[in-house]
Amino acid sequence: MGSAVAQCPHGITSHSTGNLGQNKLGYSSRCSKFPCQLDFARFGLLHQGSSAASSSDHSTEFGRRINAVPDMDDMFWDKVPTPLLDMVENPIHLKNLSVQELKGLASEIRSELSCIMSEKPNSLKASLAVVELTIAIHHVFHAPVDKILWDVGEQTYAHKILTGRRALMRMMRQKNGLSGFTSRFESEYDSFGTGHGCNSVSAGLGMAIARDIKGKRDRVVTVISNATTLAGQVYEAMSNAGYLDSNMIVILNDSRRSLHPKIEQEPKTSITALSSTLIKIQSSKSFRKFREAAKGITKRIGRGMHELAAKFDEYARGMIGPQGSTLFEELGLYYIGPVDGHNLEDLICVLQQVSSLDSMGPVLIHVITEDNHQDAECNEKIESDNPQEGYDDSVSSSVQTRTYSDCLVDSLLMEAEKHKDIVLVHAGMEMEPSFQVLQETFADRFFDVGMAEQHAVTFSAGLSRGGLRPFCIIPSTFLQRAYDQVVHDVDRQKIPVRFVITSAGLVGNSGPVYCGAFDVTFMSCLPNMIVMAPSDEDELVDMVATAAQIDDRPVCFRYPRGAIVRTDHFMHPGIPLEIGKGRVLVEGKEVALLGYGAMVQNCLKAQALLSRLGIEVTVADARFCKPLDTELLTLLCENHKFLITVEEGSIGGFASHVAQFIALNGHLDGTVKVMNIRNFHFW
């Protein structure tokens with residue numbers, strides 16, 4: 001193993017580790033403005049929190065977490081040479097590069113991401129679109145002293161490459177590998193963890209206020225996207241930022257993606273030489289000072305003159321900027337834009353001028369990017385590798401596998417033929433391919449609201465009060481954001497909204513951000529909510545029919561991401577279930593396995609294995625977490641020595657309800673012993 005030590009003109013020593021052998025690396029002469037001398041020493045790989053790797057606590061924690069560092073020989077795969085990128089180990093190495101060299105670096109990063117694309121099914125279009133923006137941010141600002149926050153994980157891949165994680169990019173979303181999002185435990189350059197979007201402005205504002213109170217001068221930059229602007233928290237944060245008037249920079253990455261096809265079909269915002277010049281004037285310190293001075297003068301003249309000048313300023317800026325740009329001014333942010341997100345000269349100029357402003361308040365920079373900003377060959381490859389952009393499923397695309405969502409769509413289509421008042425509301429980051437069938441079939445009864453889960457819940461409640469039968473389809477992890485609306489706008493008023501909770505439980509390589517661990521716990525504690533979960537696709541169809549008939553209270557049911565149990569595609573008509581009734585699938589002795597939801601299949605597999613050993617166990621399907629089948633529970637306790645509940649969720653879920661019933665009804669006074677098996681042992 002070997003280590004590379006780079007002596008850079010800024011007095012910073014960076015380390016590159018790996019199996020270098022006797023290799024000597026030489027840099028291209030194109031990088032003459034970035035002189036570095038490499039000295040290879042023969043010693044072991046630096047990780048596990050070594051002080052040579054990093055002196056920060058964040059990097060130490062990252063070193064402990066990332067154990068499977070790939071061999072350097074594996075890094076040099078057959079790909080386009082990247083001499084500029086090879087010399088960039090952290091953002092400080094960008095400072096001495098010229099604009100022309102930065103353009104070459106952008107091309108190399110795209111090549112690198114395209115190489116990763118060949119092995120990763122995840123969509124990288126969002127990161128490909130922000131390559132120049134990422135380079136410009138790290139060229140101008142000084143992370144990790146300056147805080148850079150991102151709203152969307154997919155936009156951060158170039159950021160990860162530039163901040164010392166290039167060697168681990170092929171291990172993204174793998175065990176002991178990189179997260180698909182920013183993570184404070186992964187790198188000191190990740191100032192705040194990315195979750196479901198829309199949090200960066202709020203967190204950034206908090207950091208800016210903390211900086212002001214402590215008397216520091218670091219800068220705070222947050223990057224948001226079209227998708228996150230659908231969430232109300234972004235506007236709440238912007239309004240508060242405008243009121244507090246603390247220095248921070250909000251960058252809106254506008255890729256022209258919208259839920260409304262008409263908007264996407266409209267002529268795109270043009271960026272000409274004139275608009276580019278006006279943007280540079282807008283962002284200049286002298287213009288900002290002149291504007292503030294003019295405001296002060298008109299205030300002294302009188303209120304009428306000040307209001308007239310403010311209206312003229314708003315009108316003039318509205319004429320220069322694109323449609324809707326004055327919204328940010330009304331929220332209190334100084335609007336600059338639109339800026340060509342692929343023009344490095346303009347990006348660097350605007351960011352440098354904005355970064356030099358002191359005590360000027362919050363600024364929003366509107367950046368226009370293109371998701372398909374790459375060569376035709378690369379774009380064709382992306383389209384073939386990612387037929388459904390943005391949706392990541394663990395099911396292999398090599399086999400046409402039928403999923404639970406496919407069954408849900410078929411059952412909803414059947415129920416919609418019976419009940420003409422069924423309407424569908426969908427919320428979340430991206431729409432699964434299966435739901436597009438519903439959207440096309442029931443265009444007038446299907447409402448996709450994007451990342452507006454709170455609105456989706458209350459909107460569904462309003463549809464119900466208007467006499468319709470709403471099915472509100474939200475992934476488990478996104479339903480968490482709408483819990484207040486579930487409690488007050490639905491459950492407390494006993495409004496019959498039917499919640500379809502998708503992607504429940506483990507979600508493969510999507511990781512903890514999209515993991516559906518808590519829905520059973522927080523839904524089953526509500527007084528009026530019916531909570532159920534199917535053990536297979538047949539029960540899913542029955543639960544859709546059951547939910548469609550309930551009209552006096554809210555109901556929810558969850559199902560996992562992935563393939564169904566059976567291999568045939570036969571779909572039977574849904575039969576409504578008796579509320580609060582489970583069933584016994586296999587009769588046995590002494591030991592009873594009581595499964596909830598998809599875990600029933602694991603119980604059946606365990607029963608089959610145990611039967612080969614001569615151990616006969618009972619397997620029961622609870623179906624309902626609330627209300628519980630108390631008769632079934634009593635029967636299992638009285639006829640077995642061991643009762644084992646099996647679920648996929650957190651503490652406080654199905655097992656907790658079972659344990660409470662058994663304790664309150666004296667079943668623990670007998671001979672039965674109760675145990676619980678859960679997938680999520682860390683909660």
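Of all the heavy atoms in Phe654 and Ala622, the pair that sits closest is CZ-CB, 3.5 Å. The two residues Ala416 and Phe442 come nearest to each other via the heavy atoms CB-CZ, 3.5 Å. Closest approach of Ala456 and Cys472 over heavy atoms only: O-SG, 4.1 Å. Taking all atoms of both residues into account, the shortest heavy-atom contact from Val544 to Ser411 is CG2-OG, 3.4 Å. Residue Asp519 comes nearest to Ala504 through the heavy atom pair OD1-CB, 4.3 Å, listed as atom of the first residue, atom of the second, then distance. Taking all atoms of both residues into account, the shortest heavy-atom contact from Lys626 to Ser524 is CD-O, 3.0 Å.
Here the side chains of Ser503 and Ser476 are not in contact, with every heavy-atom distance at 4.5 Å or above. Using a 4.5 Å heavy-atom threshold, the side chains of Phe522 and Leu479 count as touching. Between Leu424 and Leu412 there is a side-chain heavy-atom pair separated by less than 4.5 Å. A heavy-atom distance below 4.5 Å is not found between the side chains of Ile473 and Val425. Residues Phe499 and Met523 are in side-chain contact: their nearest non-hydrogen atoms beyond the backbone lie under 4.5 Å apart. By the 4.5 Å heavy-atom criterion applied to side chains, Ile249 and Thr222 are not counted as neighbours. Counting only heavy atoms from C-beta outward, the side chains of Asp448 and Gln439 approach each other to under 4.5 Å. Side-chain contact between Ile550 and Ile579 is present, with at least one heavy-atom pair separated by less than 4.5 Å.
In this structure, a donor-acceptor pair under 3.5 Å is absent between the side chains of Glu236 and Ser202. In this structure, a donor-acceptor pair under 3.5 Å is present between the side chains of Asp406 and Thr403. A donor and an acceptor atom, one from each side chain of Ser255 and Thr369, are nowhere located under 3.5 Å apart. Using a 3.5 Å distance cut-off with no hydrogens or angles, the side chains of Ser535 and Asp621 do pair a donor with an acceptor. Side-chain atoms of Glu432 and Ser405 form a donor-acceptor pair, as typed in the model, at a separation below 3.5 Å.
Rounding to the nearest 0.5 Å places OG1 of Thr630 at 8.5 Å from NE2 of His667. Taken to the nearest 0.5 Å, the CG atom of Asp489 stands 3.5 Å off from the OG1 atom of Thr458. If you take CG on Leu633 and CG on Asp629, they are separated by 6.5 Å, rounding to the nearest 0.5 Å. Interatomic distance, Asp552 CG to Ile495 CD1, rounded to the nearest 0.5 Å: 12.5 Å. Rounded to the nearest 0.5 Å, atoms CD1 (Ile148) and OG1 (Thr182) are 11.5 Å apart. To the nearest 0.5 Å, the span separating CZ on Phe471 from CZ on Phe446 amounts to 13.0 Å.
Annotation: His426 is in aromatic contact with Phe435 [ring centroid separation under 6.0 Å]. The distance between the ring centers of His366 and Phe328 does not fall below 6.0 angstrom.
For NZ of Lys418, the number of neighbouring non-hydrogen atoms (other residues, nucleotides, ligands) closer than 6.0 Å is greater than 12. Other residues, nucleotides and ligands place more than 12 heavy atoms under 6.0 Å from the NZ atom of Lys581. Taking a 6.0 Å sphere around CD of Glu631, one finds it holds 12 or fewer heavy atoms contributed by other residues, nucleotides or ligands.
Looking at Gln485, its side chain never comes within 3.5 Å of a backbone N or O of Val490 through a donor-acceptor pair. Arg481 contributes no side-chain N or O that, together with a main-chain N or O of Ala452, makes up a donor-acceptor pair within less than 3.5 Å. With Glu647 contributing its side chain and Ala655 its backbone, the two residues share a donor-acceptor pair below 3.5 Å. Proximity of a side-chain donor or acceptor of Gln607 to a complementary backbone N or O of Cys603 within less than 3.5 Å is not detected. Asn528 places no side-chain N or O within 3.5 Å of a backbone atom of Lys494 that could act as its donor or acceptor partner. Of the possible polar contacts, one joining the His640 side chain to the Leu636 backbone as a donor-acceptor pair under 3.5 Å is found. Although no hydrogens or angles enter the test, the distance criterion places a donor-acceptor pair under 3.5 Å between the side chain of Lys160 and the main chain of Ser179. Side chain of Arg445 to main chain of Lys420: a donor-acceptor pair is present (N/O by atom type, distance under 3.5 Å, no hydrogens or angles).
Look at Arg402 and Glu537 and you find no salt bridge, because none of the NZ, NE, NH1 or NH2 atoms lies under 4.0 Å from a carboxylate O. Ion pair Arg678/Glu648 not flagged as a salt bridge, since none of the NZ, NE, NH1 or NH2 atoms sits closer than 4.0 Å to an Asp/Glu carboxylate oxygen. Comment: Arg583 engages Glu539 in a salt bridge, judged by a side-chain N to carboxylate O separation of less than 4.0 angstrom.
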Ile251 vs Ile224, test: side chain to side chain contact (heavy atoms under 4.5 Å, CB included). Steps then yes/no. CA-CA 6 Å; Ile251 299 176; Ile224 62 177; over 6 Å; no
Steps toward side-chain hydrogen bond (donor to acceptor under 3.5 Å, both in side chains) verdict (Asn253, Ser225): CA-CA 5 Å; Asn253 170 36; Ser225 67; over 6 Å; no
Hey, mind stepping through Asp190 and Ser187 against side chain to side chain contact (heavy atoms under 4.5 Å, CB included) and telling me if it holds? CA-CA 6 Å; Asp190 294 349; Ser187 172; 4.2 Å; yes
Side chain to side chain contact (heavy atoms under 4.5 Å, CB included) evaluation trace for Cys556 with Arg498: CA-CA 6 Å; Cys556 71; Arg498 300 143 191 91; over 6 Å; no
What verdict does the side chain to side chain contact (heavy atoms under 4.5 Å, CB included) test give for Glu578 and Thr546, after you've listed the backbone C-alpha separation in whole Å, the side-chain angles of each residue and the deciding distance to 0.1 Å? CA-CA 8 Å; Glu578 182 179 355; Thr546 304; over 6 Å; no
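A side chain to side chain contact (heavy atoms under 4.5 Å, CB included) with Asn199 is found for exactly one of Leu149, Thr228, Asp151, namely Asp151.
Scanning for side-chain contact (heavy atoms from CB on, under 4.5 Å) contacts around His419 gives Glu415, Asp421, Ile422, Arg469, Ala548, with sequence neighbours left out.
Taking the six-membered ring where tryptophan is involved, the planes of Trp150 and His159 are tilted, since the angle between them lies from 30° to 60°.
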